[in-house]
Trainee: 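Can you read through this structure? Questions will come right after.
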Amino acid sequence: MADLNQLYDAILNGDHKTAVTVTRQALTEGTAPIELITNYMSPAMDEVGRRFECEEYFVPELLLSGRAMKAALALLQPLLAASGAEPAGRIVIGTVKGDLHDIGKNLVASMLEGGGFEVHDLGADVAPEKFVGAVREHKPDLVCLSALLTVTMPGMRDVVEALKMAGLRDQVRVMVGGAPVTAEFANEIGADGYAENAGVAVTVARRLTRKNHAMDEAKG
Amino acid sequence: MSTGPYNQARQAVRDALAHRKPSHVPIDFGSTAVTGIHVSVVAALREYYGLEIRPVKICEPYQMLGLIEDDLAKAINIDTKAVFTPKTIFGFPLENWKPWQMPDGLEVLVPGDFNTTVDSNGDFLIYPQGDTSVPASGRMPKGGYFFDAIVRQPPINEEQLNWEDNTEEFQPISNQDLLAMRVAVDQASTTGRALVLSLPNMYLGDIALVPAPFLKHPKGIRDIAEWYMSLRARPDYIHKIFERETAVALTNLEKIHAAIGNNVEAVFTCGTDFGTQTSSFCSVQTFRTLWLPYYKAMNDWIHQHTTWRVLKHSCGAVEKFIDSFIEAGFDILNPVQCSATGMDPKLLKAKYGDRITFWGGGVDTQKTLPFGTPQEVHDQVLHRCEIFSRQGGFVFTTIHNVQARTPLKNFVALLDAVREFNGATNGRPEPTL
Ligand code: B1M
């Protein structure tokens, strides 16, 4: 029998090889993918986020845990898709045009995946039209924008405007973040949410994508 | 030439670095790649101060920093002078200038080997050592202001990882580069300003340099995320690289000192960032085991053989690292990002002000300088000067490079405020244009 606590530990310790081995064994033994995610993988990533917030973990540890989680998740994804299981929500994420800082955005993307979201990462230096195209293609619940430069922060407003122009703004929520971004700025540009770090991003994403929730109710 | 108030420049920086009260708070813009001004702002300043209108030279092609020539330095009372590394981050020297046009149409001058192509997105691509026959190593997004490194990391095969692949850049300095440095130092000395010499390959894992935009075919770990993970997952590999980098640096330091002597006030050796906006990239403990011994070896050599002061650049929330920076032998901290967690100017000055020089912290570049009013800029600059300048230990500059799109009126308000502060304290006269 696979010791599933090892999966939790492997993700927490950023050991992707063990994460894959245990996941593979568990699947062979018939454990449901959703059980692995809900009981082991997501809690491990929650703990990673907690350790990051209290400075027991830093960027390297988060990246390692994110990689371990992704490697295990890759084995589950085909099964989840086949079973028609719905993710916690669909997310399109990217760093805005002109900005190539992607370390924070990558951490946020990992944590969101760990939180059970389906994440489409468009990378860095993403133009508003690309966000619009990705919203049309993936039909996400949430668009996540990251910016680290004051010169590129206005690019977040451009994405919100581009979504409006494309008639898509009512169909998605928008969350913003990154070192210079504030809740005030998020409000000012008409975003629906702001998170100051990767752990909080998961909480805010959960709030913003809560199903059966009237769109305007979650505003603010 | 050093005339009038200008000949005080070098001495003011020397006093500040020795923690003696200088005749005025010295100002740095343009002496390093982390205290520069974006070319668009340099061009605007030249116009504002009525200087000859001519295309500005790009002295740092990655961040597109503009060269601050002596006429502008004089107009804005700069007390420092750059001596750049012999080669830029893209591996070519600053020579054979030719015209180039920024995406917004600004005409500038770039080095002869600054060769670019435009990709299907409309982005500019730039090439290592100017060689367009190899894959590009930098990209300026369409409509952008600066380049970023392109990661050219082949897939990693764990079993075949060899730390030596990550050390191709750490080579003995050539006689040609030594000569170039010597000539540059001699020329810069005539300005009467304090010289800041940037030294190559002593940084230990600067994330901007990990992708090696200057190498044609970089090998080893060249991806940013993979590098950060390696700090935790492959510490032995990292130690080996740092050992090699330090050993080469020590022999190069000896040669460089033999070539230029004590003719520079400060050396900029390391821009490795340890801070983020609210936290850090590693714990202080990791810094102490993975970095400190190597930095200390280089800095100890410098202190035992030269009069140079060593400048450490690290953005972000690094308050808790400062004691270790000092222990590692750094004399100067830049950019003193007061907007990051724990970087309170009063606390920094009180706790560390007599042991390390703050070279920066003059104004916030995340909010105040780009978005504030001229009055807000003025007030913050005066306030920072008051806090940081007591008993020397302070060289005024903004927190990191002055970015493109910085409103000119705000930058002028900054300069006026420093002038006002200096005038108020020692009657330093207005500059003669
Ligand atoms: C959608 O929802 C969300 C929710 C939360 C979100 C979110 C999205 N996105 C992020 N979050 C949040 O969660 C994350 C995890 O908790 C956090 O993400 P962060 O990204 O904040 O945190 C990361 C985990 C770690 N932090 C980081 O990765 C950023 C650290 C610092 C030191 C930094 C780095 C590392 C780099 N840089 Co740059 N860099 C600085 C940074 C200093 C600082 N104070 O932040 C900053 C951002 N850089 C700056 C600058 C100016 C630049 N940099 C540049 C380059 C680089 C490097 C290449 C060297 C490297 C980036 C490597 C990379 N691939 O990302 C240049 C531009 C490159 C470009 N085209 O974009 C350049 C222009 C060069 C220069 N210095 O002049 C400054 C911006 C100042 C300003 N006025 O805007 C800067 C603040 C440094 C400073 N002290 O001034 C939260 O913000």
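Within every chain, numbering begins at 1; the chains are lettered A, B, ... in the order of the sequence lines, protein sequences first and strands thereafter.
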Trainee: Tell me, out of Ala225(B), Cys282(B), Gly316(B), Ala404(B), who's got the most heavy-atom pairs with chain A below 4.5 Å.
Mentor: Cys282(B)
Trainee: Indicate yes or no for a side-chain donor-acceptor contact from Thr23(A) to the backbone of Ala19(A) under 3.5 Å, with no hydrogens or angles considered.
Mentor: yes
Trainee: Which atoms of Leu62(A) come close to chain B, meaning under 4.5 Å heavy atom to heavy atom: side chain ones, backbone ones, both, or neither?
Mentor: neither
Trainee: Is Leu64(A) close to chain B through its backbone or its side chain, or both, or neither, when contacts mean heavy atoms under 4.5 Å?
Mentor: both
Trainee: Taking the ring of Phe411(B) and the ring of Phe29(B), is the distance between their centroids below 6.0 Å?
Mentor: yes
Trainee: Got Val92(A) and Cys144(A) here, is their nearest side-chain heavy-atom distance under 4.5 Å?
Mentor: no
Trainee: Compare all side-chain heavy atoms of Met175(A) with those of Val143(A) and state whether any distance is below 4.5 angstrom.
Mentor: no
Trainee: Can you tell me if Arg24(A) uses its side chain to pair, donor with acceptor, with the backbone of Leu27(A) under 3.5 Å?
Mentor: no
Trainee: Between chain B and chain A, which donor-acceptor atom pairs come closer than 3.5 Å, counting both backbone and side-chain atoms?
Mentor:
unit_1   : atom_1 : unit_2    : atom_2 : d
Glu55(A) : OE2    : Ser279(B) : OG     : 2.8
Glu61(A) : OE2    : Arg232(B) : NH1    : 2.9

Trainee: Are Phe90(B) and Phe147(B) close enough that their ring centres sit under 6.0 Å apart?
Mentor: yes
Trainee: Under 4.5 Å between any side-chain heavy atoms of Val202(A) and Arg206(A), yes or no?
Mentor: yes
